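Structure record follows, encoded as C-alpha cells.
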Amino acid sequence: MRLVRCLTHETGPDADWPGMSSTSDAVTRETRLALQRVATHILARRRAFAWGKFGLRSVPGGIATPAFGDAIEVVRLTADAVIVEADGAARAAPLTCLRDLATFVDVDLARTFSVGHDTLAAGDITEPLAIDPAAAAICFSWFADVAATLDQIISQRRQAKPSAVQLWPEHFDIACDLAWGVEDGQRVNIGGSPGDAGLDEPYIYVGPWGPARPGSGEFWNAPYGATLTRATIMRGDASASTAIAQFFDRGITRLEAS
C-alpha cells in the first residue's frame, strides 16, 4: 500500500507543502534538475543496462527502480542518498556527484544512453549535486499524491485497458494512459510533473493522443491537452487527492462524451 500525506487534511487548503516556506522557486528548479539527472543517469541507467527497461516508480520518500535481476535489486533515490537493495542487504551513498554515484551503483556514464529524444544530459559528472532536501520533499510528495490518484483511476476504470503507472526519466513525470473509446488511438495520458521548461511548477495534466478537445475550451489550456497546477489545487477547498482525481475524471469524461 502506498502511503500518501494529504496536507490539506491536516492544515487547511492554503497550507504550504513540506519546506515551501523556506525553499525558493529557483532552488526548487535546481533541485528538480539535479534529481532528474540522478534518476536518469543512475537509477534508469542501472536498470536499463542490467534489465533492458528504464521506467521508474514513486515510493515513500523518493523514487526507485522496480526490482530486477537475480539479486532482486532495487535502486532508490531519497532526498539525501541513493540506496541499493540486493540479495536481502542494503547500502547507501550520499548525493555527492554523478561520478561517485555511478561508481557506487556500478554504471558506466561513458556509455551512450537515451530515455527518449529529450533525455537530460549527464553534464559535469564531477559537479556537486545541488539538491535541497526541502525542495526534494516537495517533488517526492507530489509524485506520491499523483501516483496514488492514478491507482484510484485505474481501479475505477478497469475496462479502459490502462497502462502501468511509471515515472519516466525523460520528462521526469509520472503517468499512465488508458482508453476513452474503442477505436485505435482513442487513448489519453494522465499524469503529473514537478515542473519543466514549459510550466515551472508542479502540475497535473490530461493529454489526449489525438486532436479531440471536446467540451469547454477553458479546460483545454495547453497545446497537448489540459493542465492544473499544484498552487491552484492548494487554493481550493478539496484535498489534493480529491482535486487531482476530479481533474483527471473531467478530462476523461469530456472525451468519452464526444
Side-chain angles (χ1 to χ4, degrees), residues 1-4 32-123 125-126 129 131 133 136-137 139-144 146-148 150-151 154-155 158 161-178 189 191-194:
M1 179 178 180
R2 183 180 285 111
L3 301 178
V4 180
R32 186 185 73 229
L33 291 173
L35 292 173
Q36 186 178 4
R37 289 172 67 208
V38 177
T40 301
H41 295 288
I42 301 302
L43 276 66
R45 269 183 186 262
R46 176 61 184 166
R47 185 187 181 208
F49 290 160
W51 207 244
K53 304 285 186 180
F54 57 72
L56 305 175
R57 303 290 187 269
S58 171
V59 297
I63 61 178
T65 67
F68 62 89
D70 294 337
I72 318 299
E73 181 175 340
V74 173
V75 185
R76 293 193 286 120
L77 170 61
T78 71
D80 57 8
V82 164
I83 300 170
V84 176
E85 301 169 349
D87 287 326
R91 53 194 179 90
L95 300 178
T96 52
C97 66
L98 284 186
R99 182 186 61 186
D100 293 348
L101 294 176
T103 299
F104 176 70
V105 303
D106 190 22
V107 294
D108 183 0
L109 294 176
R111 288 181 62 180
T112 300
F113 179 63
S114 173
V115 293
H117 66 278
D118 287 333
T119 300
L120 185 67
I125 64 173
T126 65
L129 291 164
I131 296 175
C139 177
F140 296 149
S141 293
W142 185 241
F143 279 145
V146 175
L150 291 174
D151 285 347
I154 287 173
S155 176
R158 294 186 294 274
K161 300 179 180 178
S163 69
V165 175
Q166 300 208 65
L167 197 157
W168 298 105
E170 179 183 16
H171 296 129
F172 207 41
D173 64 342
I174 191 162
C176 71
D177 62 83
L178 47 81
N189 297 326
S193 166

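Hydrogens, waters and symmetry mates play no part in the numbers below; they use all other heavy atoms, side chains included. Note that the coordinates shown come from a computational prediction; the quantities given were computed from them, not determined experimentally.
Taking D177 as the reference, R187 meet the salt bridge (Lys or Arg N to Asp or Glu O under 4.0 Å) condition, with sequence neighbours excluded. Not counting sequence neighbours, the partners of A39 by the side chain to side chain contact (heavy atoms under 4.5 Å, CB included) test are L56, I63, F172. I131 is linked by a side chain to side chain contact (heavy atoms under 4.5 Å, CB included) to T31, A34, L35, L95, L129, A136, counting only residues two or more places apart in sequence or in another chain. In terms of the side chain to side chain donor-acceptor pair (under 3.5 Å) criterion, residue partners of D118 (sequence neighbours excluded) are, by chain and number, H171. In terms of the side chain to side chain donor-acceptor pair (under 3.5 Å) criterion, residue partners of T126 (sequence neighbours excluded) are, by chain and number, D124. Looking at residues two or more places apart in sequence or on another chain, you find a side chain to side chain contact (heavy atoms under 4.5 Å, CB included) between T40 and Q36, F113, V115, T119, P169. Residues forming a side chain to side chain contact (heavy atoms under 4.5 Å, CB included) with R111 (at least two apart in sequence, or on another chain): R45, F49, D108.
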>> The test is side-chain contact (heavy atoms from CB on, under 4.5 Å); show your working for L77 and I42 and say whether it passes.
In response: CA-CA 9 Å; L77 170 61; I42 301 302; over 6 Å; no
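Here the OG-CG distance, from S193 to L167, works out to 9.5 Å after rounding to the nearest 0.5 Å. Remark: T103 OG1 to L98 CG distance equals 10.5 Å, nearest 0.5 Å. Here the OG atom belonging to S114 is positioned 7.0 Å from the CZ atom belonging to F54, to the nearest 0.5 angstrom. Atom CG in L178 sits 12.0 Å away from atom NZ in K161 (nearest 0.5 Å).
Shortest non-hydrogen contact noted between I154 and S163 is CD1-O, 3.9 Å. When all heavy atoms of I174 and A147 are compared, the closest pair comes out as CD1-CB, 3.6 Å. Listed here is the closest heavy atom pair of A90 and I83: CB-CG2, 4.5 Å.
Checked by atom type and distance alone, the side chain of H117 never pairs as donor or acceptor with a backbone atom of E170 at under 3.5 Å.
Screening residues 79-100 for side-chain hydrogen bond (donor to acceptor under 3.5 Å, both in side chains), with sequence neighbours left out, gives R76-E85, T78-D80, T96-D100.
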Return a table of donor-acceptor pairs under 3.5 angstrom between the side chains of residues 64-75 and protein atoms on other chains or two or more places apart.
residue: T65; atom: OG1; partner: V75; partner atom: N; Å: 3.0
residue: E73; atom: OE1; partner: R46; partner atom: NH2; Å: 2.9
residue: E73; atom: OE2; partner: R46; partner atom: NE; Å: 2.9

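Between L120 and R37, some side-chain heavy-atom pair lies under the 4.5 Å cut-off.
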